[in-house]
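Report on the structure given below.
No hydrogens, no waters, no symmetry mates; every other heavy atom, side chains included, goes into these values. Remember, it's 1-based here, ligands and their atoms both numbered in the order they're listed.
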Amino acid sequence: MDALLMFVVILQIAHLSAENMFVQATSKVHIVYMGATKGDDPVATKKSHHELLSNYLGSKEAARSSILYSYKHGFSGFAARLTSSQAEEITNFPGVLQVIPNRIHKIYTTRSWDFLGLHQNKMSNLLTRSSQGEGIIIGVIDTGIWPESKSFSDEHMGSVPNLWRGICQPGEQFNSSNCNKKIIGARWFLKGLAEEMNISHHRATDTFDFLSPRDGNGHGTHTASTAAGSFVEAADVGSGLAAGLARGGAPLAQLAIYKACWGKLGTCTDADIMKAIDMAIHDRVDILSLSLGGNIPLSSYVDDATTIGFFHATAQGIIVVCAAGNDGPLSHTIVNTAPWLITVAASTIDRTFIVEIKLGNNQTLLGQSLETRKAHRGFSDLIYWESDDTSFGSLNATLVAGKIVLWFSKSNNHELLTASAEVRKAGGTGLIYIDSLNDLLNPCNSIPCATVDYQVGSEIIVYMRRARYPKAKLSIARTVIGKQAAPRVATFSSRGPSSITPQVLKPDIAAPGVDILAAFPAVDVKSKDEYRFMSGTSMACPHVAGVAALIKSVHPDWSPAAIRSALVTSASVFGNDGSYIKEGGLTTRPASPFDIGGGFVQPNAAADPGLIYDVSMDDYIQFLCSLGYSTRSISRLTKSEIQCKRDHSKGLNLNLPSITIPNLHQTTRVTRTVTNVGNIESVYMALVQAPAAGIAMEVEPQILRFNSSARVLSFNVTFTLMQHVWGEFEFGSLTWVGDLNHSVRIPIAVRVG
Ligand SMILES: *[C@@H]1O[C@H](CO)[C@@H](O)[C@H](O)[C@H]1NC(C)=O
Ligand SMILES: *[C@@H]1O[C@H](CO)[C@@H](O)[C@H](O)[C@H]1NC(C)=O
Ligand SMILES: *[C@@H]1O[C@H](CO)[C@@H](O)[C@H](O)[C@H]1NC(C)=O
Ligand SMILES: *[C@@H]1O[C@H](CO)[C@@H](O)[C@H](O)[C@H]1NC(C)=O
Ligand SMILES: *[C@@H]1O[C@H](CO)[C@@H](O)[C@H](O)[C@H]1NC(C)=O
Ligand SMILES: *[C@@H]1O[C@H](CO)[C@@H](O)[C@H](O)[C@H]1NC(C)=O
Ligand SMILES: CC(=O)N[C@H]1CO[C@H](CO)[C@@H](O)[C@@H]1O
């Protein structure tokens with residue numbers, strides 16, 4: 001449904017721009033990017049933007065009415081209404097690096113639902129002082145915030161940091177009293193989207209929800225509370241399901257809210273996101289969490305406005321954490337792939353809501369559901385129903401009344417929610433829904449119900465064929481923790497390799513993103529707290545932002561790349577059953593680095609990684625050089641002069657905590673450098689898992705000895721093709737095993753090309 005509506009919106013936009021081609025010379029929003037800020041004077045920077053445009057347009061007034069935003073804190077540039085020929089001309093102005101059309105982004109939730117009863121929480125506050133993240137500010141660029149939620153109570157919070165420069169920007173149903181020691185800042189950015197939608201600011205209420213930081217969508221409240229919600233123990237979440245799980249990753253971290261995504265769909269544009277990044281840099285957040293992204297295909301890094309914005313945020317020491325996207329399970333679907341980002345995939349957790357399905361032959365099978373009240377006392381007849389796009393809505397009441405429907409949908413557009421509504425309307429007494437994804441729970445309109453995967457679905461069909469009078473009964477759902485193999489990669493989670501830079505392994509890491517319970521807007525400001533389940537890489541991203549806050553509070557001087565390295569090298573590739581984390585869906589194939597990067601996030605281990613793979617901003621610049629970007633297009637990314645070194649490595653030597661070689665010919669050597677952050681005197685030994693039998697992998701040296709004068713050491717990894725391995729990526733790992741259980745593992749992907 002979401003996807004469909006999104007499509008309609010995009011169509012409308014496409015329609016508008018098509019119209020614009022005929023109504024000649026219509027202006028559209030463009031982002032004029034001018035590189036790193038020259039001095040540190042934002043007023044002068046803004047003035048230079050206006051001067052540039054007034055000179056070009058011929059008057060100050062014309063410039064003023066054309067400019068939507070000046071970007072002047074973290075980087076220099078502006079968003080303005082320009083015709084395409086104006087945009088082209090301005091590209092050639094001195095100081096202008098790129099002129100990029102404003103593009104649409106979306107939030108990354110797959111589905112969400114009302115789960116009646118969840119607002120009747122009985123809360124008890126189990127905030128413990130030992131929880132960390134104190135003093136760290138997480139900026140969330142999303143759909144805003146519902147400040148009344150108990151998750152944003154500031155009861156145990158420290159004071160607002162002295163260096164904080166943010167504000168609590170008022171607006172509709174939001175004023176300065178809505179900020180506190182938890183939500184220390186809130187701003188909203190709408191001009192870019194308003195322009196894109198061709199709707200004026202003032203008429204926008206219906207489409208754009210609250211004209212303020214207040215969240216009319218729910219996504220922003222959910223993600224913010226996942227990253228840094230206060231420790232609200234949901235001791236009894238209405239129905240008793242998922243008890244005790246509503247809490248943020250870093251409950252003592254502070255939140256800065258930047259609302260740049262709007263309406264029921266959570267649509268955002270570059271111009272607004274760029275301004276949010278610019279202000280987050282100005283305000284001095286430590287971490288940015290972005291559960292959003294553009295659509296594939298991706299643009300190159302220098303043509304992508306937000307990717308450039310993220311670069312500048314990283315240059316200011318801000319850790320930028322992004323969602324990987326929800327377009328899995330096909331490969332090359334990943335977004336937010338720049339090497340300066342932490343890109344997060346979604347996985348399941350070890351919690352399920354189990355329903356017992358008892359068949360007439362006394363066989364018991366298991367499904368899942370959220371229905372905690374309605375169960376069958378005795379058996380009912382079982383009938384089979386197959387739906388496709390045309391048959392929807394035609395369930396035959398004569399046939400269904402009093403029966404349980406085993407529903408198989410041949411269309412991707414049908415959901416449990418709509419199927420259960422139809423069964424209920426036709427007088428059915430229950431629903432067993434066969435779902436290929438089986439990642440996704442939904443409420444089912446208060447009839448006993450269960451979702452089952454294809455395997456269980458087939459078993460029921462076999463039983464129905466054999467039984468004369470097939471019957472079944474369903475139990476209520478109960479929470480089961482630790483009984484199913486977890487984590488498992490969520491089917492929807494977007495997969496690598498990156499379609500533009502396959503040599504940069506993405507995603508970096510996986511975190512919980514299926515059936516995550518977190519805060520949600522209530523019906524109105526006076527209503528009780530609401531908590532809801534949501535799924536998506538959107539939910540995985542703030543988990544990692546929270547963990548990054550924990551690490552940052554322990555190691556305030558670590559760079560964003562060091563913190564990413566700590567997360568990646570300590571992640572686990574094993575599930576709770578001791579075997580490799582599995583791919584999602586029906587396969588039992590082990591997850592590859594293109595599904596989960598380094599693995600599933602391990603917060604405790606990440607705080608003490610032993611060694612880190614650090615990356616400087618200059619390394620990123622050299623990486624862009626090695627990709628062949630023109631010096632002009634990257635020349636002003638930093639304040640200092642850029643000198644591209646002659647480098648034929650094609651970016652393979654960027655010091656990432658991973659190695660990906662998209663085309664191995666005969667021999668390829670890559671270099672990495674590790675910094676010891678554990679005991680000063682330590683010895684590490686290389687443990688090699690070659691990607692394939694036909695590919696020799698050699699590490700030189702094999703032992704790293706650190707001491708007070710040798711804190712940073714380099715090593716080479718050489719891959720040699722021994723026999724031809726055909727065309728697919730093969731996966732391995734390199735682990736430096738040191739003292740005190742330090743085991744520093746990086747994933748490796750090699751394709752023979
Ligand atoms: C903010 O809004 C609330 C509720 O409408 C009101 O009671 C309060 O006085 C306002 N505070 C400020 C500082 O305007
Ligand atoms: C199922 O179990 C019940 C009670 O244990 C028993 O009475 C019944 O005969 C069994 N039915 C079948 C088909 O085995
Ligand atoms: C529903 O099923 C009954 C019994 O098989 C049949 O007589 C009737 O025509 C069906 N109704 C429709 C609308 O298909
Ligand atoms: C550190 O190790 C290097 C190489 O093993 C050695 O040359 C150097 O003397 C050592 N320095 C100290 C202070 O132990
Ligand atoms: C890695 O290989 C390069 C040659 O490509 C060599 O100059 C360098 O010394 C090697 N480094 C190590 C640590 O062996
Ligand atoms: C190393 O790990 C083992 C098993 O997890 C644990 O029992 C032991 O205490 C750890 N040792 C250190 C020094 O942390
Ligand atoms: C409200 C608003 O901005 N409407 C504008 C939409 O676009 C058309 C043509 O591009 C203008 O004429 C409207 O004023």
Got a sec: does the CD of Glu698 have more than 12 other heavy atoms crowding it under 6.0 Å?
-> no
Near Asn716, which atoms of ligand 5 are under 4.0 Å from a heavy atom of that residue?
-> 1 (C), 2 (O), 3 (C), 8 (C), 10 (C), 11 (N), 12 (C), 14 (O)
For atom 13 (C) of ligand 2, grab the closest protein heavy atom and report residue, atom and distance to one decimal in Å.
-> Gly360 O, 3.7 Å
Hey, is atom 4 (C) of ligand 2 under 4.0 Å from any protein heavy atom?
-> no
Ser709 neighbourhood, listing ligand 4 atoms whose heavy-atom distance to it stays under 4.0 Å = 1 (C), 10 (C), 11 (N), 12 (C), 13 (C)
Compute the shortest N/O to N/O distance between Asn707 and ligand 4 and return yes if it is under 3.5 Å, no if not.
-> yes
Going by atom types only, do Gln602 and Ser570 share a side-chain donor-acceptor pair under 3.5 Å?
-> no
N/O to N/O below 3.5 Å, does that happen between Arg669 and ligand 5?
-> yes
May I ask you to check whether Trp736 and Phe715 place their ring centres under 6.0 Å from each other?
-> yes
Would you check if there is a donor-acceptor pair between the side chains of Ser626 and Lys650 at a distance under 3.5 Å?
-> no
Which residue and heavy atom of the protein sit nearest atom 1 (C) of ligand 2, plus the separation = Asn362 ND2, 1.4 Å
Check whether any N or O atom of Ser708, backbone or side chain, sits under 3.5 Å from an N or O atom of ligand 4, and answer yes or no.
-> no
Can the ring centres of Phe729 and Phe594 be said to be less than 6.0 Å apart?
-> yes
Heavy-atom distance from atom 7 (O) of ligand 5 to the protein below 4.0 Å?
-> no
Can you say whether the rings of Trp407 and Tyr433 are parallel (under 30°), tilted (30 to 60°) or perpendicular (over 60°)?
-> tilted
May I ask you to decide if the ring planes of Tyr301 and Phe623 are parallel, tilted or perpendicular, using 30° and 60° as cut-offs?
-> tilted
